[in-house]
Amino acid sequence: MSVNPGSLECTCYKLRQVTRLVSRAYDAFLVPCGISIGQFGMLETLKRMEGESISRVAHVLQMDRTTLTRNLTPLKKMGFVVMQTGSDKRERALSLTTAGKRALAAAEPKWRDAQTSLEQQLGKRTLKSLNDAMDATLGHLGGDPCQ
């Protein structure tokens, strides 16, 4: 293992490095689908939160509204997502289009392949520990969207 010249004791620095590596690996699997892992995550979230407001979806994704809106722009241009007036005329509700649902369905097997690849590289026990640690961290930092 090479020496990391960055701030070795900075948790945020390490998390960002790991996130970039893992995202790059998932992105490679999703190339044939024309979407990134970030876009896949947004589509999957929207599938589960059909018709929810931008504010609620942003909260669940741990993003501010403007960042979510900016990240949704390419998905809207691809015809995968629509924004409609919500029950409160001031809110915008998000939904997947038929094309978005098809794109997500096509990407899900590639995502599973990426997940399997990561599990093979890290081992089931390590991956479970990593996921458990992230879930606990979200809970401790107030980032659990199910609160």
| Gap separating the OG1 atom of Thr97 from the CE atom of Met78, nearest 0.5 angstrom | 10.5 Å

| message | Rounded at 0.5 Å granularity, tell me how far NZ in Lys14 sits from OG1 in Thr19. | response | 13.5 Å

| field | Ser36 and Gln39: CA distance, side-chain angles, deciding distance, side chain to side chain contact (heavy atoms under 4.5 Å, CB included) verdict | value | CA-CA 5 Å; Ser36 68; Gln39 292 169 327; 3.4 Å; yes

| field | From OG (Ser117) to OH (Tyr26), nearest 0.5 Å | value | 8.5 Å

| remark: Smallest heavy-atom separation, Val81 atom then Lys76 atom, equals O-CG, 3.5 Å

| request: For side chain to side chain contact (heavy atoms under 4.5 Å, CB included), just list the numbers for Leu104 and Phe80, CA-CA rounded to whole Å, side-chain angles, deciding distance to a tenth of an Å, and then say yes or no. | output: CA-CA 9 Å; Leu104 184 58; Phe80 295 167; over 6 Å; no

| Nearest 0.5 Å, what's the CG-CE distance between Leu94 and Met42? | 10.5 Å

| field | Linked, directly or transitively: Leu61 and Ile35 (ILVMFWY side chains, under 4.5 Å) | value | yes

| field | CG-CD1 distance between Leu72 and Ile54, expressed to the nearest 0.5 angstrom | value | 7.0 Å

| field | Leu43 to Leu96 - nearest heavy-atom pair and separation | value | CD2-CD2, 3.4 Å

| field | Verdict with supporting geometry, Val60 and Arg48, side chain to side chain contact (heavy atoms under 4.5 Å, CB included) | value | CA-CA 11 Å; Val60 166; Arg48 295 166 191 259; over 6 Å; no

| Salt-bridge present (Glu52, Arg92; N to O < 4.0 Å) | no

| query | Under 4.5 Å between side-chain heavy atoms, hopping through other hydrophobics if needed: is there a path connecting Val57 to Val82? | reply | no

| field | Cluster overlap Leu21 with Met134, hydrophobic side-chain contacts below 4.5 Å | value | no

| remark: Closest non-hydrogen contact found for Ala93 with Gly51 is CB-O, 3.3 Å

| note | When every non-hydrogen atom of Asp27 is compared with those of Ile37, the smallest separation belongs to OD1-N, 2.6 Å

| task | List the steps, then state whether salt bridge (charged side-chain N to carboxylate O under 4.0 Å, His left out) holds for Arg125 with Glu119. | result | CA-CA 9 Å; Arg125 186 177 299 157; Glu119 183 179 288; over 6 Å; no

| message | Under a 3.5 Å threshold, yes or no: a donor from one side chain and an acceptor from the other, between Asp132 and Ser129? | response | no

| note | In short, Gln84 meets Ser95 closest at the heavy-atom pair OE1-OG, 3.9 Å

| said: What's the separation between atom OG1 in Thr116 and atom CD in Gln121, rounded to the nearest 0.5 Å? | reply: 11.0 Å

| task | I would like to know whether Gln115 and Gln120 meet side chain to side chain contact (heavy atoms under 4.5 Å, CB included); could you show each step before the answer? | result | CA-CA 9 Å; Gln115 188 77 6; Gln120 289 169 347; over 6 Å; no

| request: Taking all non-hydrogen atoms of both residues into account, name the closest pair between Arg70 and Pro74 and its distance. | output: O-CD, 3.6 Å

| query | Under 4.5 Å between side-chain heavy atoms, hopping through other hydrophobics if needed: is there a path connecting Leu15 to Leu130? | reply | no

| Okay, side chain of Thr67, backbone of Met63: is any donor-acceptor separation there less than 3.5 Å? | no

